[in-house]
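A quick note: this is a predicted structure, and the numbers were derived from the prediction, not measured.
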Amino acid sequence: MAYDKTMHFLIFGGNPNHLMMGELSNWNGRVYKISRAAMADFSLRQDAQHTGVYFLFGKDRDLCDTVYIGEAEKMFHRLKQHINDHEEWDECIAVISKDNNLNKAHVKRLEYAFYHLAQTANRFVLMNASVPVNSSVSEYDQAMLVEFIDQTRLLVNGLGYKVFDAVERPQLPVEQNMLFRTQTTRGASAVGMPVTDGFVVFKDSVISPTITDSYPIFLQKLRERLLAGGVIDERLTFTRDYVFSSPSAAASIIMGRSANGRIEWKNRQGQTINDIETVSLSSLV
């Protein structure tokens with residue numbers, strides 16, 4: 001059953017881009033959001049050498065979001081090593097227990113679990129050179145770690161990283177005014193809907209086989225990445241649900257031209273996203 005959660009964040013020095021600490025009520029875990037420049041400040045924390053797992057976030061040369069997932073028996077000592085050998089990351093989230101009750105087997109199992117969650121979600125490019133190895137723990141510890149994973153995912157999401165959140169297609173039938181379609185005379189046909197972090201295009205949607213001469217370079221590169229990464233196959237069909245940053249980005253990829261997604265995507269009643277938002281907001285006045 002869904003229920004409300006209380007998060008606590010401490011922003012050191014009032015700068016959320018430097019060092020932050022986060023906790024949940026009635027949980028012994030703690031997360032730190034650490035920029036590369038904040039490593040020295042993090043090292044001064046009493047729990048900086050606790051055992052835990054960590055996630056290094058950055059972007060690759062194609063500006064795709066990347067993540068490296070690791071475990072450490074002494075957190076700061078391990079992160080310090082990454083300053084030299086992982087130049088592509090610029091921010092880290094470290095996860096520990098406040099009473100330091102995680103051991104090597106625990107964090108190996110957590111590393112394994114988070115790696116596969118990120119792989120399933122497929123929102124970030126995984127930078128791990130190899131797949132983490134799972135470890136054997138007692139049934140008691142398994143139950144504890146399941147909760148630890150859930151709470152960590154919640155806090156990581158609260159800090160703005162949806163790395164472990166798979167796209168969840170709504171159970172049909174949904175309200176028909178929330179399902180949108182777009183198509184072109186060049187063979188493109190797609191179905192999608194707005195979600196909290198952008199716009200999801202559903203599996204089996206088809207993109208246009210051609211693009212216009214004025215198609216922006218950044219959209220060409222995104223289209224190429226989706227094809228190279230298997231999100232779109234050789235039949236120009238989406239192989240899975242995929243979240244775009246906005247309805248316009250989604251529509252532009254589908255249609256092979258620059259497009260305003262807020263008017264291109266229409267539901268079965270012919271209403272655009274703008275139409276529905278205007279009606280919803282007008283009812284609040």
With a 4.5 Å cut-off on side-chain heavy atoms, are [Y] and [X] touching?
X      : Y      : answer
Asp241 : Val201 : no
Leu145 : Leu110 : yes
Thr152 : Val53  : no
Ile149 : Leu117 : yes
Leu10  : Phe12  : yes
Asn134 : Pro132 : no
Ile93  : Phe57  : yes
Trp27  : Leu155 : yes

My understanding is that only residues two or more places apart in sequence, or in another chain, count here; which of them pass side chain to side chain contact (heavy atoms under 4.5 Å, CB included) with [X]?
X      : answer
Ala143 : none
Ser130 : none
Ser214 : Thr212
Leu227 : Arg223, Ile232, Leu236

message: Going by the rule side-chain hydrogen bond (donor to acceptor under 3.5 Å, both in side chains), which residues pair with His50 if we only count those two or more places apart in sequence or in a different chain?
response: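 Per chain and number, His50 pairs via side-chain hydrogen bond (donor to acceptor under 3.5 Å, both in side chains) with no residue.
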task: Taking side-chain hydrogen bond (donor to acceptor under 3.5 Å, both in side chains) as the test, write out the residues that go with His8, two or more places apart.
output: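 With sequence neighbours excluded, His8 shows a side-chain hydrogen bond (donor to acceptor under 3.5 Å, both in side chains) to Ser25, given in chain and number order.
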Got a donor-acceptor contact below 3.5 angstrom from the [X] side chain to the [Y] backbone?
X      : Y      : result
Thr51  : Asn103 : no
Ser252 : Ala249 : no
Ser208 : Gly256 : no
Thr272 : Ile263 : no
Ser248 : Gly261 : yes
Arg36  : Ile83  : yes
Trp89  : Val67  : no

Pairwise distance [atom1]([X]) to [atom2]([Y]) - rounded to 0.5 angstrom:
X      : Y      : atom1 : atom2 : result
Gln271 : Ile276 : CD    : CD1   : 5.0 Å
Ser43  : His77  : OG    : NE2   : 13.5 Å
Leu56  : Asp90  : CG    : CG    : 10.0 Å

field: Least distance between heavy atoms, Ala251 atom then Glu264 atom
entry: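 Looking at all heavy atoms of both residues, the shortest contact is CB-CB, 4.3 Å.
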query: Considering all heavy atoms of both residues, which atom of Phe124 and which atom of Thr66 are nearest to each other, and what is their separation?
result: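 Looks like CD2-O, 3.6 Å.
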Donor-acceptor pairs are to be reported for all side-chain atoms of residues 158-165 against protein atoms at under 3.5 Å, with residues two or more places apart or in another chain.
{"residue": "Tyr161", "atom": "OH", "partner": "Glu91", "partner atom": "OE1", "Å": "2.3"}
{"residue": "Lys162", "atom": "NZ", "partner": "Asn157", "partner atom": "OD1", "Å": "3.3"}
{"residue": "Asp165", "atom": "OD2", "partner": "Asn157", "partner atom": "ND2", "Å": "2.2"}

message: Regarding His82 and Tyr68, do their side chains bring together a donor and an acceptor under 3.5 Å, going by distance alone?
response: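 Note: His82 and Tyr68 side chains miss the donor-acceptor criterion.
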message: Is it the case that the ring center of Tyr32 lies less than 6.0 angstrom away from the ring center of Tyr54?
response: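 Aromatic pair excluded; centres sit 6.0 Å or further apart.
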task: Would you list the pairs meeting ring pair (Phe, Tyr, Trp, His ring centres under 6.0 Å) in which at least one residue belongs to residues 210-242, sequence neighbours left out?
output: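 Output for this query lists Tyr242-Phe244.
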- request: Sorted by first residue and then second, give each side chain to side chain donor-acceptor pair (under 3.5 Å) pair with at least one member in residues 142-151; sequence neighbours left out.
  value: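 Every pair satisfying side chain to side chain donor-acceptor pair (under 3.5 Å) with a residue in residues 142-151: Lys5-Gln151.
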- request: State whether Glu111 and Lys104 are salt-bridged, where the test is any N-O pair (Lys NZ or Arg NE/NH1/NH2 against Asp/Glu carboxylate O) under 4.0 Å.
  value: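 No.
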Show the atom names and distances, to 0.1 Å, of all donor-acceptor pairs under 3.5 Å that link a side chain in residues 14-23 to residues at least two apart or in another chain.
{"residue": "Asn15", "atom": "OD1", "partner": "Asn17", "partner atom": "N", "Å": "3.0"}
{"residue": "His18", "atom": "NE2", "partner": "Asp41", "partner atom": "OD2", "Å": "2.7"}
{"residue": "Glu23", "atom": "OE1", "partner": "Lys98", "partner atom": "NZ", "Å": "3.3"}
{"residue": "Glu23", "atom": "OE2", "partner": "Arg30", "partner atom": "NE", "Å": "2.7"}
{"residue": "Glu23", "atom": "OE2", "partner": "Arg30", "partner atom": "NH2", "Å": "2.6"}

- request: Could you list the residues that satisfy ring pair (Phe, Tyr, Trp, His ring centres under 6.0 Å) with Tyr112, not counting sequence neighbours?
  value: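 In terms of ring pair (Phe, Tyr, Trp, His ring centres under 6.0 Å), with neighbours along the sequence ignored, Tyr112 is linked to His116.
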query: Which pairs with one or both residues in residues 225-234 pass salt bridge (Lys or Arg N to Asp or Glu O under 4.0 Å), sequence neighbours excluded?
result: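 As it turns out, the salt bridge (Lys or Arg N to Asp or Glu O under 4.0 Å) pairs with a partner in residues 225-234, which skip direct neighbours, are Asp233-Arg235.
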- prompt: Phe199, Val231: one ILVMFWY side-chain cluster at the under-4.5 Å cut-off?
  reply: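 Yes; Val231 is reachable from Phe199 via cluster members.
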